[in-house]
Amino acid sequence: MRWIWLFALLASFQLSAQEWQLRDTCPPSFLLTEDNRCELKTLYQFYTSTQGKGLGGTQTELPPHRDGFTPQQIDLGRHLFFDPLLSGDQQLSCASCHLPEKGFSDGKALSDGANNLQTTRSSPTLWNSAFVTRFFWDARAQSLEEQAVGPLFAENEMDNTPERLLASLNQNSVYKQWFAQAFGESNGITLDQIASALTAFQTSLISLNSRYDQYVHGNHNALNENEIAGMNVYRSFVARCSECHMPPLFTNNQIAVIGTPEPEGMPLDVGAETTFNAPKLKGGFKVPTLRNIAKTAPYMHSGRFATLREAVEFYTLGRGHAVPEGVEMQIHWHIWEPNLTDEEIDRIVDFLHALTDETFTPAVPAVLPSGLTPINNQQTAAIKGENQ
Ligand code: HEC
Ligand code: HEC
């Protein structure tokens with residue numbers, strides 16, 4: 001018994017003596033500049049060609065990206081991202097629905113939010129958000145800052161209020177000190193600073209070193225025969241995948257109407273039609289990146305497809321085959337009837353598996369300033385159970 005007390009005493013000692021420091025180094029794949037900013041460095045920055053992009057050209061340039069945050073802003077964002085203190089009932093963090101081990105998605109068709117409510121769409125990956133120009137499936141947010149306030153205050157997500165959120169952070173001495181350190185002001189934490197720190201963290205999630213990338217950079221043994229065969233079907237004029245899911249990011253950052261089905265019994269999600277008030281975008285969604293796609297099942301805005309194979313097979317079952325009767329949808333002209341064979345579908349799936357790269361997965365903070373658990377036990381148990 002006495003030993004237990006001693007351990008408890010030591011543990012509490014350690015916690016109180018812990019120095020609450022933000023990191024002063026950049027995450028991997030960023031270099032620290034003289035004025036204390038993290039600049040992205042990737043081999044793709046050596047490629048300037050734009051030719052053959054839609055045809056699946058390999059050594060093509062990256063679109064513009066966001067970087068230039070300080071190490072302290074990024075590390076503050078990492079703590080906020082995992083801290084349930086940000087939610088109304090202090091049960092949910094951003095990571096509850098964007099789990100690092102699930103490609104920053106959550107393995108569910110629809111996510112479980114506050115008040116026993118579910119989200120109406122599937123949780124997307126956050127990898128490579130530094131390159132994304134429109135956020136949410138229906139492209140309704142123009143920046144990560146604008147996006148962040150969505151989940152924080154949505155009743156079916158984190159269900160907080162701006163007043164309550166600011167009060168709980170301002171009452172926390174560690175966060176107060178950290179925000180002052182990261183933003184150089186000490187007049188109290190603001191919503192803009194919260195959004196900015198979350199953005200800093202999310203733009204640090206870089207995944208550009210999959211086996212596919214190694215192949216691109218010249219290691220021709222990085223992909224096996226099946227994966228190369230798959231890549232060739234993927235970028236062929238028949239399958240046309242790369243015209244929308246364009247390398248190197250495997251998205252062209254556009255919106256396309258492709259006519260995916262809703263789950264059984266669910267009403268049609270008109271997607272980007274609402275955002276842009278444009279009937280021709282009925283059923284239009286953002287072209288999602290396919291990087292780390294093997295980790296983010298189930299697939300599509302509705303999570304309708306449980307496996308990657310089903311998602312790929314969708315494209316060969318006929319143009320508009322899943323559009324409900326009587327609904328007029330202007331399906332994109334690149335969605336056709338490629339009549340892929342079973343073998344070709346399998347090869348594409350093989351290729352998509354070669355787009356996984358989680359080398360730079362950030363660490364979940366061991367202790368949070370709020371003292372809360374980053375991702376609650378139930379969620380962790382569910383993940384462990386599934387992985388067994
Ligand atoms: C209850 C689950 C849940 C929580 C909690 C949650 N999200 Fe999400 N997130 C989603 C869902 C679902 C979507 C897609 C919604 C849509 O498109 O309409 C989404 C979309 C996003 C997107 C858009 C990605 C893209 O490429 O379009 C970002 C970025 C994001 N979330 C970041 C966050 C951050 C930061 C937090 C914490 C402040 C957070 N999320 C909390 C479920 C959640
Ligand atoms: C006209 C543009 C376009 C073409 C061509 C296209 N896609 Fe897509 N893809 C999309 C859009 C838009 C979505 C999201 C649709 C939705 O959620 O309803 C999507 C979703 C996906 C998803 C699910 C992603 C996720 O995160 O859930 C996979 C996998 C996929 N596409 C693979 C392919 C493959 C393989 C091909 C070639 C056979 C292909 N796509 C061709 C536009 C396209």
Side-chain angles (χ1 to χ4, degrees), residues 77 80-84 86-87 92-98 103-106 108 110-114 117-129 132 134-141 144 147-154 156-160 194-195 198-199 201-202 230 233-236 238-245 250-252 254-262 269 271-272 283-290 292-294 296-305 308-316 322 331-336 338 340 344-345 348-349 351-352:
L80 293 174
F81 186 86
F82 286 100
D83 203 333
L86 270 62
S87 63
L92 289 167
S93 66
C94 304
S96 304
C97 304
H98 300 284
F104 287 94
S105 176
D106 61 2
K108 300 172 188 167
L110 303 177
S111 309
D112 297 311
L117 295 172
Q118 283 195 316
T119 56
T120 52
R121 296 191 182 121
S122 184
S123 153
T125 184
L126 304 180
W127 282 112
N128 295 333
S129 337
V132 176
R134 292 177 174 278
F135 297 88
F136 293 121
W137 284 100
D138 56 8
R140 67 185 183 279
L144 281 167
Q147 187 284 326
V149 289
L152 286 171
F153 308 129
N156 62 345
E157 293 187 69
M158 295 165 85
D159 196 29
N160 213 338
I194 299 170
L198 286 168
T199 300
F201 171 65
Q202 293 177 90
V233 184
Y234 178 92
R235 60 187 187 179
S236 67
V238 179
R240 312 201 89 129
C241 313
S242 54
E243 292 181 55
C244 293
H245 303 283
F250 290 83
T251 170
N252 56 4
Q254 290 178 10
I255 295 159
V257 181
I258 69 168
T260 59
E262 303 300 332
D269 184 341
F285 293 98
K286 219 178 62 168
V287 176
T289 178
L290 300 183
N292 287 326
I293 194 72
T296 60
Y299 300 106
M300 305 296 176
H301 70 276
S302 61
R304 167 68 195 255
F305 298 129
L308 204 43
R309 197 178 195 288
E310 277 175 68
V312 178
E313 203 180 17
F314 159 82
Y315 289 93
T316 202
I331 308 271
H332 194 285
W333 64 288
H334 284 149
I335 300 297
W336 214 250
L340 302 174
E344 285 169 328
I345 296 175
I348 293 182
V349 172
F351 172 61
L352 295 178

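Both counts, for ligands and for their atoms, begin at 1 and track the order of listing. Note that the structure is predicted; figures quoted are calculated from it, not measured.
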**Request:** Taking side chain to side chain contact (heavy atoms under 4.5 Å, CB included) as the test, write out the residues that go with Ser123, two or more places apart.
**Result:** Cys97, His98, Ser105, Asp106, Ser111

**Item:** Over all atoms of both residues, closest heavy-atom pair of Lys108 and Ser122
**Value:** O-OG, 3.6 Å

**Item:** Ile293 side chain reached by Tyr299 side chain, heavy atoms, under 4.5 Å
**Value:** yes

**Message:** So for ligand 1, is Leu92 a polar contact partner (N or O within less than 3.5 Å, distance only)?
**Reply:** no

**Prompt:** Side-chain contact, heavy-atom cut-off 4.5 Å: Met300 with Pro288?
**Reply:** no

**Message:** Parallel, tilted or perpendicular: which one describes the rings of Phe314 and Phe305, with boundaries at 30° and 60°?
**Reply:** tilted

**Request:** Please name the residue in the list Arg235, His334, His332 that meets the side-chain hydrogen bond (donor to acceptor under 3.5 Å, both in side chains) test with Glu243.
**Result:** His334

**Which of the ligand 1 atoms, numbered from 1, are nearer than 4.0 Å to a heavy atom of Gln202** = 29 (C), 32 (C), 35 (C)

**Asked** Any side-chain heavy atom of Leu198 within less than 4.5 Å of one from Leu144?
**Response** no

**Prompt:** Would you say Leu110 touches ligand 1, if touching means a heavy atom closer than 4.0 Å?
**Reply:** no

**Message:** What I want to know is whether His98 and ligand 1 share at least one N or O pair that is separated by under 3.5 angstrom.
**Reply:** yes

**Prompt:** Against heavy atoms of Thr119, which atoms of ligand 1 measure under 4.0 Å?
**Reply:** 12 (C)

Using a cut-off of under 3.5 Å, which N/O atoms of ligand 2 pair up with protein N/O atoms, and what distance separates each pair?
unit_1: ligand 2; atom_1: 7 (N); unit_2: His245; atom_2: NE2; d: 2.8
unit_1: ligand 2; atom_1: 7 (N); unit_2: Tyr315; atom_2: OH; d: 2.8
unit_1: ligand 2; atom_1: 9 (N); unit_2: His245; atom_2: NE2; d: 2.8
unit_1: ligand 2; atom_1: 9 (N); unit_2: Tyr315; atom_2: OH; d: 2.6
unit_1: ligand 2; atom_1: 17 (O); unit_2: His301; atom_2: N; d: 2.7
unit_1: ligand 2; atom_1: 17 (O); unit_2: His301; atom_2: ND1; d: 3.2
unit_1: ligand 2; atom_1: 18 (O); unit_2: Thr260; atom_2: OG1; d: 2.4
unit_1: ligand 2; atom_1: 18 (O); unit_2: His301; atom_2: ND1; d: 2.7
unit_1: ligand 2; atom_1: 27 (O); unit_2: Met300; atom_2: N; d: 2.7
unit_1: ligand 2; atom_1: 31 (N); unit_2: His245; atom_2: NE2; d: 2.9
unit_1: ligand 2; atom_1: 31 (N); unit_2: Tyr315; atom_2: OH; d: 2.6
unit_1: ligand 2; atom_1: 40 (N); unit_2: His245; atom_2: NE2; d: 2.9
unit_1: ligand 2; atom_1: 40 (N); unit_2: Tyr315; atom_2: OH; d: 2.8

**Request:** Evaluate the side-chain proximity of Phe351 to Val312: yes if any heavy-atom separation is below 4.5 Å, no if none is.
**Result:** no

**Message:** Contact between ligand 1 and Ser93 is defined here as a heavy atom of the residue under 4.0 Å from a ligand atom; is it met?
**Reply:** yes

**Atoms in ligand 1 flagged as close to Pro151, the criterion being non-hydrogen separation under 4.0 Å** = 6 (C), 36 (C), 39 (C), 40 (N), 41 (C)

**Request:** Mark up the atoms of ligand 1 that fall under 4.0 Å of a heavy atom belonging to Leu152, in ascending order.
**Result:** 38 (C)

**Request:** Report yes or no: does Glu262 contribute a side-chain atom to a donor-acceptor pair with the main-chain N or O of Asp269 at less than 3.5 Å?
**Result:** yes

**Prompt:** Heavy-atom distance under 4.5 Å between the side chains of Asp83 and Ser93, does that happen here?
**Reply:** no

**Message:** Looking at ligand 1, would Leu126 count as a contact under a 4.0 Å heavy-atom criterion?
**Reply:** yes

